[in-house]
There are 2 protein chains.
Amino acid sequence: MTTKLPQLKKDFIESLSQISRFWGFPKGMGAIFAVLYISPTPLSLDEITEQTGLTKGAISTEVRTLARMGLVHRSSKLGDRKDYYEAETDFYTSIRSILKERQNSEFDRALLGVRETLEKLDSGSVSGDDAEVQFIRERVQALQEFFDAIDSLTNAVIKLEKLGISNVAKIISILK
Amino acid sequence: MTTKLPQLKKDFIESLSQISRFWGFPKGMGAIFAVLYISPTPLSLDEITEQTGLTKGAISTEVRTLARMGLVHRSSKLGDRKDYYEAETDFYTSIRSILKERQNSEFDRALLGVRETLEKLDSGSVSGDDAEVQFIRERVQALQEFFDAIDSLTNAVIKLEKLGISNVAKIISILK
DNA sequence: TAGAATGTTTAGTAGTTACTAAACTTAGTA
DNA sequence: TACTAAGTTTAGTAACTACTAAACATTCTA
């Protein structure tokens, strides 16, 4: 039983749309990336419109976000007024810029909030029942250590690029 | 300058609420977990209501989700009809059950979609321009390899529990 | 059995978000 | 200059989500 290429493309686009939505990005963003990712040549805004069914407006704004995250790149041809877009294929590079993009985000400010809570508790500047303060201090500290561990691992992922994917297996075996 | 304990708690709850929202969970879920996490004793539904400002109904449903994810545990006292809830403090245990919970989720089905796309391309059962099929095959394969690498690392995180957080630093240094 | 205490479910709502349609802008061309 | 092609911005909308309020269910106690 054979599958026709257009159908295969549609399925792939649909899968990436779902994955995108799961990570808290618009469904359409995933679709746009998918279309660009499996295109041998850079595509114009109109071509993306055609393959995703989204309107020009939506693509215009979402492609800008994708570019800011480093997941797509914008280029142009001489003597052609159109913009052309292509997908970044190095995902580790993308991850790095996505994380950079997240700097100063609500998320980072929230993490900072926890850190500040811990600092206050550590500096002994919190007034209240001593035993309770101590208890909370230990709990918040454990949480902070967990966050730090996750942070370290995130940085590790970023570094995987240099190591090459093939080495991941080796690292995993070290962990076992 | 001293901070009063109730204010510190409020700030902490607010921080975890934001973090929760960032990860795509309801804000209230983070607040409930925060309240339980910094409580020395298990709390009843009414006590959680009081500290979060949410209604009984909301807490009833959200605490169930938290329990299913392994982030809180429900218990009861003899001769007391109330349910009591306390936070799980081993985050690695929680992560494991969250990931298990995700099994068969929309996300996993989407990942499966990509894998199936690749299998079709590999088995040569896709009809269409040969060069294009080959190009798409390579791209999808690269994406699949990336997903696999992330998956390996996720599993590594889960295993960190056994190693102890302190060893994470050593692992990171290996990666450098 | 009635009443109270606890927890669950359900109908509705306010707020958010991803998107469309269309007005607008900018730049190139006849 | 008017016209066209491309992209952006903006106003509005449909669908979703987290939550509230209140009805409902269950279990214990007088």
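Here is the naming used below: chain letters follow the sequence lines, and residue numbers restart at 1 for every chain.
Non-hydrogen atoms lying under 4.0 Å from DNA chain C are contributed by nothing in residues 34-46 of chain A. Applying a 4.0 Å cut-off to non-hydrogen atoms, the residues of residues 47-63 of chain A that approach DNA chain D are K56(A), G57(A), S60(A), T61(A), listed by residue number.
With S125(B) contributing its side chain and L121(B) its backbone, the two residues share no donor-acceptor pair below 3.5 Å. A donor-acceptor pair under 3.5 Å links the side-chain atoms of S17(B) to the main chain of I13(B), judged by distance alone. For the pair S39(A) (side chain) and V35(A) (backbone), a donor-acceptor distance under 3.5 Å is absent. Looking only at distances, a side-chain donor or acceptor of T117(A) sits under 3.5 Å from a matching main-chain atom of G113(A).
Taking E14(B) as the reference, Q18(B) meet the side-chain contact (heavy atoms from CB on, under 4.5 Å) condition, with sequence neighbours excluded. Applying the side-chain hydrogen bond (donor to acceptor under 3.5 Å, both in side chains) criterion to E116(A), with sequence neighbours excluded, gives no partner residue. Every salt bridge (charged side-chain N to carboxylate O under 4.0 Å, His left out) that R74(B) has, sequence neighbours left out, goes to D83(B). Judged as a side-chain hydrogen bond (donor to acceptor under 3.5 Å, both in side chains), and not counting sequence neighbours, K120(A) has no contacts. With sequence neighbours left out, the side-chain hydrogen bond (donor to acceptor under 3.5 Å, both in side chains) criterion links D46(B) to no other residue.
Nearest heavy-atom pair across P40(B) and E132(A) is CG-CG, 4.5 Å.
Across all strands, R74(A) comes closer than 4.0 Å only to sugar-phosphate atoms, never to a base (heavy-atom distances).
Per the geometry, CG belonging to D83(B) stands 12 Å off C1' belonging to dA5(C), to the nearest Å.
Between chain B and DNA chain D, the heavy-atom contact criterion of under 4.0 Å yields a 5' to 3' nucleotide range of dA18(D) to dC28(D).
Here side-chain hydrogen bond (donor to acceptor under 3.5 Å, both in side chains) pairs that include residues 47-58 of chain A, with residues two or more places apart or in two chains, are S44(A)-E47(A). Among residues at least two apart or in separate chains, there is no ring-ring contact (aromatic ring centres under 6.0 Å, His included) pair with a member in residues 54-82 of chain B.
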Polar pairs (N or O, both sides) under 3.5 Å between protein and nucleotides 25-30 of chain C?
none

Run the side-chain donor-acceptor check on residues 133-141 of chain A: report pairs under 3.5 Å with partners two or more places apart or on a different chain.
| residue | atom | partner | partner atom | Å |
| --- | --- | --- | --- | --- |
| Q134(A) | NE2 | E138(A) | OE2 | 3.2 |
| R137(A) | NE | D122(A) | OD1 | 2.6 |
| R137(A) | NH2 | D122(A) | OD1 | 3.4 |
| R137(A) | NH2 | Q141(A) | OE1 | 3.3 |
| R139(A) | NH1 | Y37(B) | O | 2.9 |

